[in-house]
S.K.: 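My questions all concern the structure below.
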Amino acid sequence: MPQGKPDVVPDDGLTTRQRRNRPLTIVHTGVGKGKSTAAFGLALRAWNQGWPVGVFQFVKSAKWRVGEERALRVLGDSGEGGTVAWHKMGEGWSWVQRSPESNEEAAREGWAQVRRDLAAQTYGLYVLDEFAYPLHWGWVDTDEVVEVLRSRPGTQHVVITGRNAPAALVDAADLVTDMSKVKHPMDVGQKGQKGIEW
């Protein structure tokens, strides 16, 4: 991590403050655990800064209860930090395609809502959880997403999670982390645990 002065200063005509405060597109991809967990950690930081946070869960079931949802809703309602809005789309696990037609329709409507919110500058941070899947499966056009993110107004930050993030999204993003798996308890037959997986 550079201390004080960066190694390279771009010749982009921006002041240090302007460059520091520009909106970021962040992608958490790869086969390892922790993509959504890291994104929800960013949501906690955004809440602490007083930013309104919008979480859009793509493909995962609306019945699926994740610990981060309850925690962020409580924080959002506390009146101490930013507000939190939570939107769920889809019918099943992100890694098991159930009822593809209805999931595809829900993903497209979810993206349409994200576009409307970006245009209205509704949130300071958008968590598009598992959004890499609808892009990878071709349900939502990656080039359109890249262009909308590139031209979004204000200083809205967007973090996208999910395996197989398309190359065009990775290329356009400002920060990309590829989570690799070294070991996982499920490799030896252990089921998911409360507090670890949800």
Side-chain angles (χ1 to χ4, degrees), residues 21-29 35-47 49-64 66 68-69 72-73 75-76 81-95 97 99-177:
N21 294 325
R22 68 187 179 86
L24 298 178
T25 298
I26 302 166
V27 175
H28 297 165
T29 193
K35 297 176 286 292
S36 296
T37 306
F40 293 133
L42 287 175
L44 287 173
R45 289 179 174 175
W47 170 84
Q49 294 299 323
W51 300 353
V53 176
V55 177
F56 296 80
Q57 284 196 294
F58 287 83
V59 187
K60 284 181 178 172
S61 172
K63 298 175 186 174
W64 182 240
V66 294
E68 295 93 345
E69 177 183 359
L72 282 166
R73 284 187 186 272
L75 289 172
T83 58
V84 178
W86 204 284
H87 309 276
K88 295 182 182 184
M89 305 72 134
E91 296 180 348
W93 296 102
S94 55
W95 53 90
Q97 292 187 38
S99 186
E101 295 80 18
S102 61
N103 271 335
E104 183 172 353
E105 184 180 324
R108 285 189 177 138
E109 176 48 38
W111 168 242
Q113 184 60 52
V114 170
R115 285 187 67 163
R116 290 188 290 270
D117 285 332
L118 285 166
Q121 300 186 56
T122 305
Y123 304 109
L125 176 72
Y126 295 72
V127 177
L128 308 187
D129 190 35
E130 310 291 4
F131 189 50
Y133 289 97
L135 297 176
H136 175 70
W137 293 330
W139 294 354
V140 176
D141 182 66
T142 300
D143 292 336
E144 175 190 319
V145 170
V146 167
E147 182 52 38
V148 167
L149 293 178
R150 186 175 284 135
S151 62
R152 70 190 183 271
T155 57
Q156 304 171 94
H157 301 285
V158 178
V159 57
I160 296 170
T161 71
R163 295 181 182 199
N164 302 310
L169 176 65
V170 169
D171 290 345
D174 302 290
L175 191 164
V176 178
T177 299

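Numbers here are sequence positions counted from 1.
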S.K.: Could you state the interatomic distance from CG (Asn21) to OG1 (Thr155), rounded to the nearest 0.5 Å?
M.R.: 7.5 Å

S.K.: Would you kindly say whether Thr161 and Asp129 are connected by a side-chain donor-acceptor distance under 3.5 Å?
M.R.: yes

S.K.: OG1 of Thr122 to CD of Gln156: how many Å apart, nearest 0.5 Å?
M.R.: 7.0 Å

S.K.: Do you know which two heavy atoms are closest between Gly76 and Trp47, and how far apart they sit?
M.R.: N-NE1, 3.9 Å

S.K.: Heavy atoms only: give me the nearest Ala43-Leu72 pair and the separation to one decimal.
M.R.: CB-CD1, 3.9 Å

S.K.: Have Glu105 and Trp139 got a donor and an acceptor in their side chains that come within less than 3.5 Å?
M.R.: no

S.K.: Hey, mind stepping through Leu135 and Val145 against side-chain contact (heavy atoms from CB on, under 4.5 Å) and telling me if it holds?
M.R.: CA-CA 9 Å; Leu135 297 176; Val145 170; 3.7 Å; yes

S.K.: To check you understand the geometry: which heavy-atom pair defines the closest contact between Ala38 and His28, and what is its length?
M.R.: CB-CE1, 3.5 Å

S.K.: Quick check: are there more than 12 heavy atoms from other residues, nucleotides or ligands sitting under 6.0 Å from CZ of Arg73?
M.R.: yes

S.K.: Give me the ring orientation class for Tyr123 and His87: parallel if the planes are under 30° apart, tilted from 30 to 60°, perpendicular past 60°.
M.R.: perpendicular

S.K.: How would you list, by chain and number, every residue that makes a side-chain hydrogen bond (donor to acceptor under 3.5 Å, both in side chains) with Arg150, sequence neighbours excluded?
M.R.: none

S.K.: Which heavy atom of Ile160 sits nearest a heavy atom of Ala132, and at what distance?
M.R.: CG2-N, 3.9 Å

S.K.: For a side-chain contact (heavy atoms from CB on, under 4.5 Å) check, start with the C-alpha distance between Glu69 and Phe40, then their side-chain angles and the critical distance, and finish with the verdict.
M.R.: CA-CA 9 Å; Glu69 177 183 359; Phe40 293 133; over 6 Å; no

S.K.: Does Lys35 come within less than 4.0 Å of Glu130, counting only side-chain N to carboxylate O?
M.R.: no

S.K.: Can you tell me how far the CD atom of Gln49 sits from the NE2 atom of His157, to the nearest 0.5 Å?
M.R.: 10.0 Å

S.K.: Starting at CD1 of Ile26, measure out to CG of Leu125 and round the result to the nearest 0.5 Å.
M.R.: 7.0 Å

S.K.: Quick one: list whatever passes side-chain hydrogen bond (donor to acceptor under 3.5 Å, both in side chains) with Trp86, sequence neighbours left out.
M.R.: Gln57

S.K.: Within the 4.5 Å heavy-atom criterion, are Asn103 and Trp137 side-chain neighbours or not?
M.R.: no

S.K.: Would Leu128 and Val159 satisfy side-chain contact (heavy atoms from CB on, under 4.5 Å), going step by step from the backbone distance to the final call?
M.R.: CA-CA 6 Å; Leu128 308 187; Val159 57; over 6 Å; no

S.K.: Locate the shortest heavy-atom distance separating Val27 from Ala173; write the atom from each residue and the value.
M.R.: CG2-CB, 3.7 Å

S.K.: Compare every heavy atom of Val146 with every heavy atom of Ala168, then report the nearest pair and how far apart it is.
M.R.: O-CG2, 3.8 Å

S.K.: Keeping the roles fixed (side chain from Gln121, backbone from Leu118), state whether a donor-acceptor pair exists under 3.5 Å.
M.R.: no

S.K.: So, Arg115 and Glu144, do they make that salt bridge, N to O below 4.0 Å?
M.R.: yes

S.K.: Any chance you could measure Leu169, atom CG, to Asp143, atom CG, to the nearest 0.5 Å?
M.R.: 10.5 Å

S.K.: Kindly say whether Gly162 contributes a backbone atom to a donor-acceptor pair with the side chain of Thr29 at under 3.5 angstrom?
M.R.: yes

S.K.: Please confirm whether Phe56 and Trp111 have ring centers closer than 6.0 angstrom.
M.R.: no

S.K.: After noting the C-alpha distance and the side-chain angles of Leu44 and Leu75, does the key distance pass the side-chain contact (heavy atoms from CB on, under 4.5 Å) rule?
M.R.: CA-CA 9 Å; Leu44 287 173; Leu75 289 172; 3.5 Å; yes

S.K.: Does the distance from a Lys or Arg side-chain N to an Asp or Glu carboxylate O, for Arg116 and Glu109, drop under 4.0 Å?
M.R.: yes

